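Order of appearance sets the numbers: ligands from 1, and atoms from 1 within every ligand. Computed from a predicted model, the values in this text were never measured in an experiment.
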Amino acid sequence: MNIPHSAHTATEPDGWAVDILLARPGHDQPLLNQRITTHNGLLCAPQAEAPNPLGAGRVALPAFANAHDHGRGVPTLSAGIPDGPLEIWLARLGVEPRVQAYMNAACAFANMAEAGIGAVVHCHNTQNGRALLAEAQGVAQAAHDVGIRVAFAVPFAGENALAYGPDSQLAKCFAHPEHFPQLGATRFKRTLEEGLAIVDELAKLESRTFSVQYGPVGPQWVDRKTLETISARSQSTGRRVHMHFFETRLQREWADAHFPEGIVTYFDRIGLLSPRLTLAHCCWLREHELDLLAQRGVLVSCNTSSNFRLSSGFPPITGLLQRNMTFGIGLDGMSLEDDEDILRETRLLRGVAQSLRPGVDGLADKGQFLPQCYDALLRGGREAVVGKDGGGIVQEGAPADFVIVRTDRIMRHKVPDAALPELLLTRLTRQDVDTLVVDGKTVVQNGHCTGVSKPELEHTLDELVGEALTRISADKPVVNTNWEDGLRRFYRTGAHRQRTPEQT
Ligand SMILES: [Zn+2]
């Protein structure tokens, strides 16, 4: 396949002149008229410049970070898959068209880059389980070509592929189980050793902007030996772990039934809870569980739009804030308007949190919440990708990852400089992103990727998806009402709460 490239990412020897620098938005005062330069991927000390009379409000701030995503070049809605409750929606994903991993990821990463996202955790959904390594190599190439920092979470799964329980239980929920050959069918399952070997192989591709993480997909989808082995490997190697956790109420119920000691207690016993762990969602945590996660320094990704669209619940935002926990913001491939606009996502989380703790003496009244929102967008999510690397701030010696936005569209009146952080978080959207620099290289210029041509990538991907959708729709409906009714019966009868001998 012809992979379209338009230009190479470039460094900028003279640096970047900006009208305002928000080195640590919400914390430090804005600096006027600065020049930012880099050396070997690190920031030099910003230099004061003479005011630019033509300045159109170019504002620099640290690059945004997406704490949890799946790198979908084509949103699921575009593949004809309607949103719905997670457990039903997952069944619909089975008809997602198979498209080349490189194209899919390159489109997704380019879309993120043009929204100002300089770092992302990519939780890989395999399209062909037997080709995971090849798919991962395609994603690594896409990350390199677009130029943003990508942490590739290698998926470990295989349990409870159809529902949170054995196929034999699910079969009882159908009047004619024989109509559903997937029940009890032999499915490909990667062994733990094969998964670990892929991590080791992929680690050879690690670079300053590409890294590998263990990605047990979620406790209901992996066995305990896998969790315990990954926990031990993470301890000995320092490699991060990224996992979905308590996304839905049904997952909470499954865990309560299968872990009488408490699943979070179990995680702690096997050494999984540490600052190396990111848990995505956490909508159904209990207070004492949050206490333990806070004690162990676990990082949480809040994925508000995804929780709204997949009818999952609320991110545990007020509990995170009460405990001063580190958290990031994740788009989960399900941003509110399918546009990867993490600025709007931050706004959404802020609004939800302020509504949950409203009024006088509420969140918005304390004056501390704005900096915390910026910290999540710029630092917390970044930590989920690269760990603590001193980034998420524009200062000498920090990794050279920053974004330059234009404020001419959103500034109808001159506002006091001190009011700028509040105004940006209220009005800025992805269309205002002008430049993204990652590792000292210009990844986005004038709002467009420099390393790849997004329009060409999208055109090629659209053709691939169009062909695949024609083939799929010919023999398989996206919404199989009978199958979905069976799934609903399974959960209504509480089958996911029944412990089975092999799962105890
Ligand atoms: Zn996810």
Side-chain angles (χ1 to χ4, degrees), residues 65-77 79 81 83-94 96 101 104-105 108-109 111-112 117 119-127 132 135-136 139 150-161 164 213-222 230 240-252 254-255 277-285 298-317 327-336 338-342 345 348-349 376 380-381 384-385:
N66 182 357
H68 176 80
D69 211 288
H70 295 272
R72 289 194 180 91
V74 181
T76 46
L77 279 180
I81 299 168
D83 293 352
L86 178 83
E87 285 77 11
I88 303 294
W89 178 80
L90 286 174
R92 295 173 187 162
L93 280 189
E96 209 175 12
N104 210 19
F109 296 156
N111 207 9
M112 289 181 210
I117 294 169
V120 60
V121 176
H122 172 85
C123 296
H124 190 71
N125 287 358
T126 45
Q127 294 211 311
L132 172 57
E135 288 185 6
V139 174
V150 173
F152 186 100
V154 175
F156 289 80
E159 304 298 312
N160 298 327
Y164 308 152
Q213 301 189 357
Y214 295 107
V217 179
Q220 60 282 344
W221 295 305
V222 291
I230 285 174
R240 293 192 66 84
V241 181
H242 190 106
M243 181 166 70
H244 294 82
F245 187 54
F246 281 163
E247 185 169 353
T248 66
R249 185 173 55 83
L250 294 174
Q251 292 176 5
R252 166 94 251 176
W254 174 88
L277 175 67
T278 304
L279 293 176
H281 298 294
C282 294
C283 299
W284 296 87
L285 278 172
V298 174
L299 200 153
V300 171
S301 173
C302 295
N303 313 310
T304 317
S305 287
S306 170
N307 297 156
F308 282 13
R309 292 180 59 180
L310 299 181
S311 193
S312 302
F314 283 107
I317 180 65
F327 64 97
I329 294 170
L331 295 173
D332 199 16
M334 293 295 283
S335 56
L336 198 61
D338 272 341
D339 59 0
E340 315 296 335
D341 194 337
I342 201 158
E345 184 70 23
L348 186 66
L349 181 64
V385 183

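With sequence neighbours excluded, the residues that form a salt bridge (Lys or Arg N to Asp or Glu O under 4.0 Å) with Arg72 are Glu96.
Side-chain contact annotation: Ser305 with Glu345, donor-acceptor N/O pair under 3.5 Å present.
A distance-only check finds no donor-acceptor pair linking the side chain of Trp89 to the backbone of Ile81 [under 3.5 Å]. At distances below 3.5 Å, not a single donor-acceptor pair connects side-chain atoms of Asp83 with backbone N or O atoms of Leu310.
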Chi angles and distances behind the ring pair (Phe, Tyr, Trp, His ring centres under 6.0 Å) call for His242, His244: CA-CA 7 Å; His242 190 106; His244 294 82; 7.1 Å; no
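Within a 6.0 Å sphere centred on CZ of Arg249, other residues, nucleotides and ligands contribute 12 heavy atoms or fewer.
Protein N/O/S atoms nearer than 2.8 Å to the Zn ion (ligand 1) total 4.
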